[in-house]
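For reference, the structure discussed in these notes is given below.
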Amino acid sequence: MLRVSSLSKRYRTGDHALNGVSFEVPAGQVVGLIGPSGAGKSTLIRCINRLVEPTSGQVQLNDTDITQLGRGGLRRARRRMGMIFQEYALVERLSVMENVLSGRLGYVPFWRSFLRRFPQADVDKAFTLLDRVGLTEQADKRASALSGGQRQRVGIARALEQDPELLLVDEPTASLDPKTARQIMRLICEICRERTLPAIISLHDVLLAKMFVDRIIGLRAGQIVFDGAPAALNTAMLTEIYGEEDWTQIHDDKAEDDIDLDAHAREERMAGLA
Ligand code: ADP
């Protein structure tokens, strides 16, 4: 379980990107983080693994207070938090398999990683993961030869290769077409459920969040203004998060579109499992 308490971040420029954010994520729960550009989504995700150093507050992952760790402790703790990026962050000239194995770099002695000699157990695990994300055939291809959707599948497998206790996902679908975006979201959410892995996924697409995640946290100007079930994200709440707009495509209060949306999401999940 992840516990974030009174987390704040003020950048040197004076931007107060996070202001007293608190929430808990139990094992296996997939949380969608939404909010307008500049709301603090990326800062929040990066404060959790301290890629961005919080100004105050606490981040607790299971028995570890992440915010109190020194350099060595933080390095070890980061291995327990898998991260998936919008722009994939693959090493282009390396193969798909080598990119997945790079998820083990924090564990393997430097000389072995330099020579790209990984333990057989790591290689076996990478093959299993590549199979799970549908890339068995591509294992030997260079990362540069893959489509956007395939690249993100490599990013997912790489994050899982380190057996994380938490998945941090920053705008995983922002560079993908709508159909591929759904496939990637479905895959991430299914894998989290299979592994009872908690995840925080920042998304700019509210509809995508509503379709796939268990819970939505809405940020505005560095503060949580919504925290609840996707179905509870009504027009008033969307206005609170994003401001005045026509939200009927996402939530039609009168027509109760949400019932259809839930049914649709279930269909999508079933199709994904088939
Ligand atoms: P989001 O991911 O929701 O778009 P961000 O976390 O990127 O929001 O940004 C939140 C606020 O912090 C914005 O006002 C942004 O300008 C500011 N900010 C983000 N990164 C930095 C940085 N490295 N230095 C200074 N200000 C930053």
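Every number for a ligand or one of its atoms is a count from 1 in the order of the listing. When reading the values below, keep in mind they use all heavy atoms of this one structure, side chains included, and skip hydrogens, waters and symmetry mates.
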Kindly list each side-chain donor-acceptor pair under 3.5 angstrom involving residues 31-44, sequence neighbours excluded, with atom names and distances?
unit_1	atom_1	unit_2	atom_2	d
K41	NZ	G35	O	2.8
K41	NZ	P36	O	3.1
S42	OG	R46	NH1	2.9
S42	OG	D170	OD2	3.4
T43	OG1	Y11	OH	2.8

Practice problem: Taking all non-hydrogen atoms of both residues into account, name the closest pair between F85 and Q152 and its distance. | Solution: O-NE2, 2.8 Å
Quiz item: So, D131 and T136: side-chain donor and acceptor under 3.5 Å apart, yes or no?
Solution: yes
Quiz item: Between D177 and T180, is any side-chain donor less than 3.5 angstrom from a side-chain acceptor?
Solution: yes
Quiz item: Looking only at side chains, do R10 and S56 share a donor and an acceptor under 3.5 Å apart?
Solution: no
Self-check item: Pocket residues of ligand 1, ordered first by chain and then by residue number (heavy-atom cut-off under 4.0 Å)
Solution: Y11, T13, D15, A17, P36, S37, G38, A39, G40, K41, S42, T43
Self-check item: Distance-only donor-acceptor check, side chains Q60 and S5, under 3.5 Å
Solution: no
